[in-house]
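Please read the structure below before turning to the comments.
Every chain is numbered from 1, with letters handed out A, B, ... down the list of sequences.
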Amino acid sequence: MNVLICISRVPDTATKIVVGSDGKTIDNQGVKFIINPYDEYAIEEGLRIKEKFGGSVTAVTVGSEQSSDILRTALAMGVEKATIIKAPEIFDSYFVAYNLAEYAKSIKPDIILLGRQSVDFDSFQIPSLLAGLIDYNLVTVVSKLTIDANKIICERDVEGGKEIVETNLPCIISAQKGLNEPRYPKLPDIMKAKSKPIEILEAKPTDLKMEVISMEIPMKQRIGKILSDSDEDINELVRLLHEEAKVI
Amino acid sequence: MIIKTEKDLIKPYLKDASNYEGYADIVYIPETIAEIQEAFENCIRNKQKVTISGAGTGLTGGKVPEGGAIISMEKLNKVVDFDLNQKTIKVQPGITLIDLEKFLDDYNLFYPPNPTENNSTIGGNIATNASGSRTFKYGATRDFVLSLELILGDNEKVKLSRGEAIADGYFLKFKTNSGKLYSIEFNDIKMPYTKNASGYYLKKNMDAIDLFIGSEGSLAITTLAELKLLDKPDYVIGGVIFFNDIVSLSDFVVTIRDLSKINNQKHYSIINTIAARLIEYFDSRSLNLLKPFYPQIPESAIAAIWFEQEYIKDNEDLILNEWYKLIDNYTSLTQHTWIALSDNEHKKLAEFRHRLPLAVNDIISQKKLLKIGTDTAVPDDYLKDYILFINNLLTKSNIEYAIWGHIGNNHLHSNLFPASDNDMKNALNLYDIIIDYSLDKKGTVSAEHGIGKLKKKYFYRMFNAESIEIMRDIRRLFNPDNLLGTGNIFD
């Protein structure tokens with residue numbers, strides 16, 4: 001079984017995000033980047049599939065050459081081949097999906113695994129776009145995966161219960177937290193991964209279908225006002241609710 | 001100020017994490033420094049004992065009252081002043097370590113000592129000179145306290161800033177805000193060659209502020225603390241190394257401890273070899289407790305070491321290589337070594353460490369066991385012997401146990417879980433043997449938890465009568481009626 005895992009490089013979830021001077025991008029100064037946490041489940045699941053059924057596991061990302069750091073982590077976890085599809089500075093989800101699709105067409109994997117979303121922009125678009133472009137079956141947000149011959153059985157968390165979905169190969173699975181417990185990279189594998197080659201391919205350009213107009217940090221705290229129970233303050237509360245909050 | 005006098009409302013204040021329970025008549029919960037003053041003056045007027053209460057995470061009954069009043073610092077939990085340029089912060093005693101850490105995160109700063117229990121308060125940390133995993137590189141609470149505002153046991157107020165009141169040899173003096181002069185003459189008291197939380201700090205040419213840090217609430221009430229902060233390091237490597245042989249583990253730890261002590265004298269940005277900031281130990285019983293949650297722990301592992309090191313990105317490959325070579329020299333389980341490089345991966349390793357006391361609590365409540373834990377440390381020369389000694393001693397016993405701790409500081413917690421009265425007798429006997437061993441090696445009976453009310457017996461064995469009398473005189477000087485922190489450290 002040949003597995004392709006699509007991964008994404010995102011700011012570490014503990015990093016403080018600052019908007020760049022152009023007001024449209026993240027300021028990368030001092031930001032640490034990691035593998036998108038949902039993609040780690042995809043990698044782990046891919047490795048388990050290979051360990052069970054044989055075949056190969058390839059990881060690919062669309063981004064800058066700096067993405068080699070996350071591919072090294074994937075190699076350390078046990079992925080055999082790693083590829084960067086080099087993207088220009090500004091690109092959108094469609095660009096990523098299109099280039100992943102072109103790459104997938106070239107290596108014809110049996111199964112494609114990826115995170116349910118990347119935690120930087122949370123657009124949730126790649127799994128669906130990719131499935132549309134290469135015409136694979138798609139099951140999203142999967143929290144348990146069982147492969148039985150050609151039958152793929154997926155469990156999905158739904159409101160108040162579980163939904164069981166069945167499909168067949170070739171297919172795309174997007175991973176939800178809980179799919180598995182990703183393995184820790186081991187020291188010898190980290191060292192070996194440092195010297196493994198990483199393939200770098202040029203991306204095929206696409207027209208932008210989405211453009212970021214502006215970006216801002218959400219307000220961190222609600223600004224609270226504390227009033228006492230005096231008559232004066234009760235009148236003030238009514239005034240504030242009416243004039244400032246405009247809720248009464 | 002909230003005042004509680006009903007039994008049901010007082011009850012939660014009567015215990016700490018050791019489960020030792022006391023009694024009291026009244027709880028004061030001041031919201032300002034003036035209210036601490038007011039509560040304390042009430043107690044002095046009524047000749048009532050006063051015990052100061054932090055988060056109650058202590059393990060030796062230090063906050064557990066022996067009657068009288070409790071002053072709880074829970075509402076005094078604010079940051080009072082913060083200087084980003086000087087990297088200092090002034091906090092009230094009731095602020096918890098986790099809240100302090102959250103505050104500092106926004107400024108990319110950290111407070112280094114890092115006691116494992118992050119719900120503990122700074123006031124409690126100062127009372128016990130608390131330490132933690134990063135004490136290996138950075139030192140204990142003492143090393144990060146720049147100034148203290150105190151109400152002494154005789155109701156005098158004083159601000160002590162580090163460097164301002166230094167003893168002339170064994171003669172220490174300082175004045176309070178009102179001009180009252182205190183002078184103390186003491187002898188050369190044999191302090192252990194280890195980190196320590198047993199008894200008052202009394203050393204030649206000492207700073208007056210150090211007398212109050214670690215005095216377990218028996219000399220003064222801390223009303224404000226100024227702390228030193230550091231810039232967070234650029235990057236941190238974390239690793240868990242598994243061993244299948246205890247002698248090799250001991251040799252490995254001594255090697256990395258000594259290398260790190262030398263290399264840590266330089267700033268981490270110029271270090272490209274081994275320089276750990278923490279070295280922690282898990283024995284086979286600890287690993288067994290963790291296995292249900294971490295099936296990746298190798299079957300043949302009988303112990304593990306967790307380390308962390310600060311570095312800059314350019315040196316990552318060199319440093320990893322050095323660790324790889326060294327680890328491979330000491331264990332045949334190198335291929336199982338877990339490495340964390342990103343913050344996310346570090347969180348997983350920290351969870352691994354934090355899971356252990358939780359797993360212990362689970363097993364204790366499931367099997368209805370009790371728990372007693374040692375807190376001894378020995379000088380550097382005895383580390384290997386200490387590790388082998390404790391492992392041998394406990395393996396031979398029939399009591400359930402787990403050993404873990406700050407092995408870089410030659411400091412281990414032997415946690416014994418007796419199941420019966422007879423077990424308990426045996427456990428206390430083992431405890432005594434471990435205490436004797438540590439004292440014989442000129443170590444300490446309590447390296448970080450303090451003496452409180454539960455370890456006085458061992459304190460009396462650690463210091464001679466003359467030293468204890470000096471400490472008693474000091475307590476009489478500041479706390480003449482022995483109303484404050486009654487029952488802590490010594491009677």
Side-chain angles (χ1 to χ4, degrees), chain A residues 7-18 28-41 43-44 47-48 51 66-78 115 118-120 177 180-196 217 220-221 226, chain B residues 101-102 104-110 231-242 292-298 304-307 312-313 316-328 330-352:
Chain A
I7 66 177
S8 176
R9 186 176 188 256
V10 300
D12 197 327
T13 43
T15 295
K16 198 178 169 193
I17 299 294
V18 176
N28 283 354
Q29 190 80 36
V31 174
K32 291 177 194 167
F33 287 88
I34 56 169
I35 296 185
N36 174 39
Y38 290 109
D39 297 343
E40 286 186 12
Y41 302 110
I43 296 174
E44 177 62 35
L47 295 173
R48 289 183 189 191
E51 281 157 10
Q66 288 168 320
S67 304
S68 58
D69 56 0
I70 60 161
L71 287 171
R72 297 249 176 251
T73 308
L75 288 166
M77 285 175 78
S118 61
V119 300
D120 49 0
K177 189 179 175 181
N180 50 49
E181 189 57 48
R183 63 196 64 189
Y184 299 113
K186 308 289 191 309
L187 181 56
D189 302 325
I190 291 173
M191 303 307 291
K192 270 182 235 147
K194 285 188 183 289
S195 56
K196 280 189 187 165
I217 301 287
K220 207 174 168 186
Q221 278 169 322
I226 296 175
Chain B
E101 185 184 320
K102 278 186 199 150
L104 296 176
D105 269 350
D106 280 350
Y107 303 96
N108 214 26
L109 292 169
F110 78 121
D231 286 317
K232 278 193 192 171
D234 293 8
Y235 286 87
V236 176
I237 295 171
V240 173
I241 310 158
F242 294 97
F293 309 99
Y294 298 90
Q296 307 184 29
I297 295 173
I305 293 294
W306 170 36
F307 75 91
I312 55 166
K313 196 75 184 165
E316 182 174 298
D317 288 3
L318 285 168
I319 292 170
L320 274 175
N321 245 324
E322 290 297 315
W323 278 102
Y324 188 17
K325 276 191 290 185
L326 198 72
I327 292 167
D328 213 29
Y330 287 93
T331 179
S332 56
L333 299 174
T334 316
Q335 75 276 16
H336 294 284
T337 305
W338 302 346
I339 291 291
L341 296 172
S342 70
D343 288 357
N344 235 359
E345 290 165 335
H346 284 299
K347 260 185 234 153
K348 286 185 199 164
L349 290 197
E351 269 168 37
F352 181 76

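In terms of heavy-atom pairs under 4.5 angstrom with chain A, the leader among B:Asp328, B:Thr337, B:Leu349 is B:Thr337. Among the candidates B:Ile241, B:Asn321, B:Asn108, the residue making the largest number of heavy-atom pairs closer than 4.5 Å to chain A is B:Asn321.
Only the side chain of B:Lys347 comes within contact range of chain A, with at least one heavy atom under 4.5 Å from a heavy atom of that chain. Interface residue B:Gln335: backbone and side-chain heavy atoms are both found under 4.5 Å from chain A. Proximity to chain A is absent for every atom of B:Phe352, based on heavy atoms less than 4.5 angstrom apart. The contact between A:Thr73 and chain B is made entirely by side chain atoms (from C-beta outward), counting heavy-atom distances below 4.5 Å.
A cation-pi arrangement, defined by a distance under 6.0 Å to the six-membered ring centre and an angle within 45 degrees of its axis, is present between B:Lys313 and B:Tyr235. A cation-pi arrangement is absent between A:Lys177 and A:Tyr41, since the terminal nitrogen or guanidinium carbon is not both under 6.0 Å from the aromatic centre and inside a 45° cone about the axis.
By the 4.0 Å N-to-carboxylate-O rule, A:Asp189 lies close enough to A:Lys192 to be salt-bridged with it. Salt-bridge check for B:Glu351 with B:Lys348: failed, with every basic side-chain N at 4.0 Å or more from each acidic carboxylate O.
Interatomic distance, A:Ile70 CD1 to A:Ile34 CD1, rounded to the nearest 0.5 Å: 9.5 Å.
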